[in-house]
Amino acid sequence: MKLVCEEASLLTARMKSFRLMPVSDTDIMADNALPGEYFVFNFDNGDNNSLQRCYTLVSAEQGKFYEFIIEDRGAGSASNVISRLLQQRKEVNISGRGGNITFNTIKNKKNVLLIAGGVGITLPMALIRECFKSYGYSAPGVFVQLILSCHDLGSVPCLNELLDLHTQCGWFSMRIHVTRVRLDKSSDFVRAGRIDLSIDEIKGVPESAIVCGGADFAQSMVTAVSTRFPQALIAVEAFSSGRSLDHIVESDTHKKEITLKSMGKVISVDSGLTVLDNLISHNVSIRNMCRSGICGSCKFRLHSGEVRSEPDFCLSAKDKSEKIHLACCSFPSENAVIDII
Ligand code: FES
């Protein structure tokens with residue numbers, strides 16, 4: 001399916017909302033695209049490097065528009081390329097969708113805890129908007145609380161909208177933890193310092209917790225939630241560290257080689273890119289969906305050499321003992337011999 005940008009609006013210094021319209025029919029979005037799902041954007045960085053990135057659908061009107069929030073990580077990053085292409089009204093190809101955290105995940109839950117770090121706010125934002133569509137201002141017996149960690153208030157997209165909901169909806173409250181600026185005053189919705197779930201106040205006992213953010217943040221929050229609320233069902237959307245995942249500038253000093261054993265193919269790779277991005281840029285076919293270490297579709301076996309792997313959410317101890325890695329969470333650190341599984 002191809003989408004083109006109908007409207008772009010600046011939300012923060014680095015984040016923009018893109019309202020996209022379909023320009024061709026396809027099955028990918030025809031079948032009820034649900035806010036909270038992620039969509040696989042395929043685009044070219046201008047040097048014939050094809051890139052794929054996943055972005056969360058924040059809101060939609062079926063067949064009419066699809067809204068995504070994208071953080072531009074600056075020159076040389078994939079997010080900078082896609083932001084530019086969208087603003088130039090270039091058509092962007094969507095090749096797949098995934099993710100299963102939507103309003104359906106939380107709609108029958110009485111107490112829901114949403115925890116987000118930085119740009120991880122996009123999925124909670126999608127869920128909160130869907131809650132508002134369904135509940136309006138009042139939903140007796142339902143409580144949704146958002147805890148967001150960010151550098152400063154200026155980096156929070158849709159802050160006014162969240163504040164409106166916080167002050168007007170009985171079912172919603174939020175607290176923002178600001179980590180990089182000093183605050184002279186705290187209020188009921190903003191605090192200085194990191195989230196500490198061992199002591200931070202949480203209303204009631206959450207039945208369901210949804211954690212969204214970078215892999216390290218997500219892993220620490222999952223541990224903290226499961227320690228404090230062992231009965232809570234936890235769902236996670238995590239992504240690899242932005243710089244490594246998003247950086248597409250090549251440097252000769254980064255060059256390594258990956259040998260694809262059963263294909264008999266050797267490719268020159270960049271250690272600043274994931275194994276997945278390296279394989280895709282050499283037109284090596286490899287299944288992938290979430291690009292966040294969740295779906296497990298991009299497994300490969302490391303026969304020799306080394307890769308640097310970031311935390312993931314799906315490999316078992318057995319997988320790891322058998323030297324199975326995820327291409328979306330691994331970076332070439334030495335020459336390596338692998339096979340895609
Ligand atoms: S693409 Fe989903 S785990 Fe790698």
Side-chain angles (χ1 to χ4, degrees), residues 28 33-34 36-43 49-57 68 70 77-79 82 92-102 105 117 119-120 122-123 210-219 221-222 234-248 258 260 267 269-302 306-333 336 338-341:
I28 291 172
L34 298 175
E37 291 184 302
Y38 59 79
F39 290 81
V40 185
F41 285 56
N42 292 268
F43 51 101
N49 277 333
S50 57
L51 298 166
Q52 279 190 343
R53 289 294 182 273
C54 295
Y55 296 107
T56 300
L57 181 66
F68 296 87
I70 297 178
S77 68
S79 55
I82 184 71
V92 177
N93 192 37
I94 307 290
S95 63
R97 63 193 262 198
N100 53 9
I101 308 175
T102 66
T105 315
V119 72
T122 51
L123 174 54
I210 294 180
V211 175
C212 312
D216 293 342
F217 172 86
Q219 212 149 44
M221 289 299 127
V222 168
I234 305 177
V236 181
E237 184 184 76
F239 36 86
S240 301
S241 68
R243 181 169 170 76
S244 305
L245 182 70
D246 216 21
H247 201 62
I248 58 172
I258 285 183
L260 294 141
I267 60 172
V269 292
D270 187 320
S271 57
L273 298 177
T274 62
V275 171
L276 181 62
D277 279 334
N278 275 298
L279 294 176
I280 289 171
S281 71
H282 284 274
N283 297 319
V284 175
S285 165
I286 174 168
R287 279 181 300 138
N288 66 94
M289 279 298 291
C290 69
R291 305 178 62 93
S292 308
I294 297 171
C295 71
S297 60
C298 64
K299 287 179 184 172
F300 69 89
R301 191 183 306 278
L302 181 67
E306 268 182 39
V307 293
R308 177 174 63 77
S309 288
E310 296 201 336
D312 65 80
F313 291 89
C314 67
L315 289 182
S316 64
K318 182 167 177 288
D319 287 335
K320 288 176 184 168
S321 72
E322 292 174 357
K323 297 205 161 194
I324 290 171
H325 297 261
L326 296 174
C328 66
C329 296
S330 302
F331 296 83
S333 52
I338 69 169
D339 260 330
I340 296 166
I341 299 176

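For ligands, and for the atoms within them, numbers begin at 1 and follow the listed sequence. Computation of the quantities below employed the complete heavy-atom set of this structure, encompassing side-chain atoms and omitting hydrogens, waters and symmetry-equivalent molecules. Bear in mind the structure is a predicted one, so any value in this text is a computation, not a measurement.
The shortest distance between side-chain heavy atoms of T274 and C329 does not fall below 4.5 Å. Contact check for F68 versus L57: side-chain heavy atoms found under the 4.5 Å cut-off. A heavy-atom distance below 4.5 Å is found between the side chains of I280 and Q52.
A cation-pi contact links R308 to F331, judged by a cut-off of 6.0 Å to the six-membered ring centre and 45° from its axis.
Under the side-chain contact (heavy atoms from CB on, under 4.5 Å) criterion, R301 pairs with H303, E322, I324, I341, sequence neighbours left out.
Between the side chains of N278 and S281, not a single donor N or O lies within less than 3.5 Å of an accepting N or O.
The number of protein N, O or S atoms lying under 2.8 Å from atom 2 (Fe) of ligand 1 is 2.
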